[in-house]
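Beneath this line is the structure, given in structure tokens, with notes to follow.
Residue numbering restarts at 1 for every chain, and letters A, B, ... go by the order of the sequence lines. Heavy-atom basis, side chains included; hydrogens, waters and symmetry copies ignored. Values in this document were obtained by computation on a predicted structure and should not be read as measured data.
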2 protein chains.
Amino acid sequence: MPMTLSAARAHSQNVFSGRHVHLEIDDDQRGAPSLALYLRQLHPSSTRQHFGRNEVMFQEGDRAERVYRVISGTVRLCRHAANGTRHIADFVLPGELIGFDERTTHPFTAEAVTPVTLLSYARSSFDRLVASTPAVRAHLVSLLTANLRAAEQQAFVLGAHTAKQRVASFLLRLAGREDAMAGERLDVPMSRNDIADYLGMTIETVCRALAALRDENIVTVPNSHQFILNDVAALRAIAVDA
Amino acid sequence: MPMTLSAARAHSQNVFSGRHVHLEIDDDQRGAPSLALYLRQLHPSSTRQHFGRNEVMFQEGDRAERVYRVISGTVRLCRHAANGTRHIADFVLPGELIGFDERTTHPFTAEAVTPVTLLSYARSSFDRLVASTPAVRAHLVSLLTANLRAAEQQAFVLGAHTAKQRVASFLLRLAGREDAMAGERLDVPMSRNDIADYLGMTIETVCRALAALRDENIVTVPNSHQFILNDVAALRAIAVDA
DNA sequence: CGACCCCTTGACATGCATCAAAGGGAGTGG
DNA sequence: CCACTCCCTTTGATGCATGTCAAGGGGTCG
């Protein structure tokens, strides 16, 4: 999938021309490659939105009236506990959908990690497309299953792994989702704070775990938002099977 | 749903006559109440199995060739990490399905927490039923969504909560799934070890958290497998919003 | 009655959180 | 072009929640 790869790379380097919109056609990383084609049918009634860094797209509990597709940038889905702590359930990368499952209210708040461009569709027209197109239904079930697997995996990592293992898992997962190869620069758009809240630890512990990996030459950190994975095998060994 | 309640109670008291099979018709706690009715169509080709305590029903990685329905008893779905630690992803209670999602291999090992009776259907006939019945599809999507929500919730609990909070969440969830009321005896079929592996902590920490709740008169522990929730509000306050 | 298993409690150890302070890097104004 | 400031990251010092190790208790089954 060379096209997908180049799409990921374009994102890595923050090169977003007006033309990159076309990437959405085939860069869906979780489902089969043609879901985006069906979504194009909704294009006439879709809305394009931009959000600046840390801007809130919708809040936990809001009615889920639209389905969103991330065109560029990174989104975080998070919940805020009563004691003020924040938990990040997932990051959403370009090409992925938000709010496509059948919940009437959003279970998470969605915020822009980086500047974000979204395409959104009214729930009603989206549902009509789903009802009329078996292939779309199949895609959505696949997506739902993939999300379930990811959530189960995340629970596993949070429940049974140490700080270093969690960070290793996180890097491997991010590399997988961005189609980044070993030795390449891996884009890490989220802050240390975001990573900490995603992995259930503190900023400081994230830093220390990264420092440990760096000192072992497993990763190189040219700057705080780009990593190079020198030894993926070692990362996998640390992450065990996550 | 008094019938469902009595089903739960029958389970609580380990009273399983041959007749309780009829309960499966309406006690599905996660989907709409009529999914079991459709499954009855598969009854002729279904298989009934019994498993003793701690017996393995299938292993992580096995091909998913059958769909299971728990008739009685409690099942645990778990993974074993390379370092020997065990993580329990979920417990499956009577009336619930296992292996209905579209994965070719089982992501978890399934073991009997208590003596278990299962009904199972060949994947092929199950898929045929799904393909031919839109209502079943809708039910399964609901189940999938509910499972996703549960997994997200579990990740939240594991990532952002203390030992006491996790135990409180666990008790509330169990009470909710068994339709147990405050003041009633809540059946806790799983061992402290199971609870620990489900909540990402050790047996001892589970015991201490329970002891703390007991000392505050929030729960009473008549015996190690039955609890009485004296103060559900206090439990909720401890669990925050889990 | 004894043996086994699980649960419970205590004493100690440790990984991670917390508190504190010192480095960068990017944008801004001089 | 440099200096300033702000924010994020990194590292160090200390404390606490939970893990680990150990011993005793209670129920169940043979």
Side-chain angles (χ1 to χ4, degrees), chain A residues 14 52-54 74 76 81 83-87 111 113-115 157-168 170-171 187-216 219-227 238, chain B residues 14 52-54 74 76 81 83-87 111 113-115 157-171 188-216 219-227 238:
Chain A
N14 287 323
R53 194 172 274 270
N54 292 325
T74 301
R76 61 172 172 254
N83 55 2
T85 62
R86 186 185 66 164
H87 174 76
E111 299 169 351
V113 170
T114 62
V157 169
L158 293 179
H161 293 269
T162 64
K164 203 169 161 188
Q165 291 176 319
R166 295 183 200 192
V167 170
F170 171 72
L171 293 179
D187 235 28
V188 184
M190 58 290 288
S191 70
R192 298 290 183 271
N193 218 321
D194 289 335
I195 298 174
D197 289 347
Y198 178 64
L199 295 177
M201 35 205 265
T202 60
I203 313 178
E204 294 93 329
T205 305
V206 172
C207 277
R208 280 185 249 270
L210 283 172
L213 293 174
R214 166 171 52 71
D215 293 346
E216 299 173 64
V219 304
T220 307
V221 186
N223 66 70
S224 61
H225 288 283
Q226 289 191 322
F227 296 165
I238 289 170
Chain B
N14 287 325
R53 197 171 274 270
N54 292 324
T74 301
R76 63 172 171 256
N83 54 1
T85 62
R86 186 184 67 163
H87 175 76
E111 300 168 351
V113 170
T114 62
V157 169
L158 293 178
H161 293 270
T162 65
K164 202 169 162 187
Q165 291 176 319
R166 294 183 200 193
V167 171
S169 300
F170 171 72
L171 293 178
V188 184
M190 57 292 287
S191 69
R192 298 290 183 272
N193 218 319
D194 289 335
I195 299 173
D197 289 347
Y198 179 65
L199 296 178
M201 37 205 262
T202 61
I203 314 178
E204 294 93 330
T205 305
V206 171
C207 278
R208 280 185 250 269
L210 283 172
L213 293 174
R214 165 170 53 71
D215 293 346
E216 298 173 66
V219 303
T220 306
V221 186
N223 66 68
S224 62
H225 287 282
Q226 288 191 323
F227 297 166
I238 290 169

Starting at atom [atom1] of [X], determine the distance to atom [atom2] of [N], rounded to an integer number of angstrom.
{"X": "B:Arg214", "N": "C:dC7", "atom1": "CZ", "atom2": "C1'", "result": "11 Å"}
{"X": "A:Met201", "N": "D:dT10", "atom1": "CE", "atom2": "P", "result": "12 Å"}
{"X": "A:Asn193", "N": "D:dT10", "atom1": "CG", "atom2": "C1'", "result": "14 Å"}
{"X": "B:Leu213", "N": "C:dT9", "atom1": "CG", "atom2": "P", "result": "12 Å"}
{"X": "B:Ile203", "N": "D:dT20", "atom1": "CD1", "atom2": "C1'", "result": "12 Å"}
{"X": "B:Asn54", "N": "C:dC5", "atom1": "CG", "atom2": "P", "result": "12 Å"}
{"X": "B:Arg192", "N": "C:dC5", "atom1": "CZ", "atom2": "P", "result": "18 Å"}
{"X": "A:Glu204", "N": "D:dT14", "atom1": "CD", "atom2": "P", "result": "16 Å"}

Check the side chains of B:Thr85 and B:Asn83 for a donor-acceptor pair under 3.5 angstrom, ignoring hydrogens and angles.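 Indeed, the side chains of B:Asn83 and B:Thr85 share at least one donor-acceptor pair under 3.5 Å.
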Could you tell me whether the phosphate oxygens of [N], OP1 or OP2, come under 4.0 Å of any side-chain nitrogen or oxygen in [X]?
{"X": "B:Thr202", "N": "D:dG19", "result": "yes"}
{"X": "B:Thr205", "N": "D:dG19", "result": "yes"}
{"X": "A:Arg208", "N": "D:dT11", "result": "no"}

Quick check for you: to the nearest 0.5 Å, what is the distance between B:Arg76 atom CZ and B:Glu111 atom CD?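 Between B:Arg76 CZ and B:Glu111 CD, I get 4.5 Å after rounding to 0.5 Å.
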Please report the shortest heavy-atom distance between A:His87 and B:Ala160, naming the atom on each side.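 Shortest heavy-atom separation between A:His87 and B:Ala160 comes out as CB-CB, 4.4 Å.
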Assign each of A:Pro222 and A:Ala163 to its nearest nucleotide of DNA chain C by heavy atoms, then name whichever residue's nucleotide is nearer the 5' end.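 Here A:Ala163 is the residue nearer the 5' end.
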In terms of side-chain heavy atoms of A:Ser191, which of C:dT8, D:dT9, C:dC16 is nearest?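 Nucleotide nearest to A:Ser191's side chain: D:dT9.
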Check: B:Asn223 main-chain N/O paired with B:Gln226 side-chain donor or acceptor under 3.5 Å: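 Checking the backbone N and O of B:Asn223 against the side chain of B:Gln226, no donor-acceptor pair under 3.5 Å is found.
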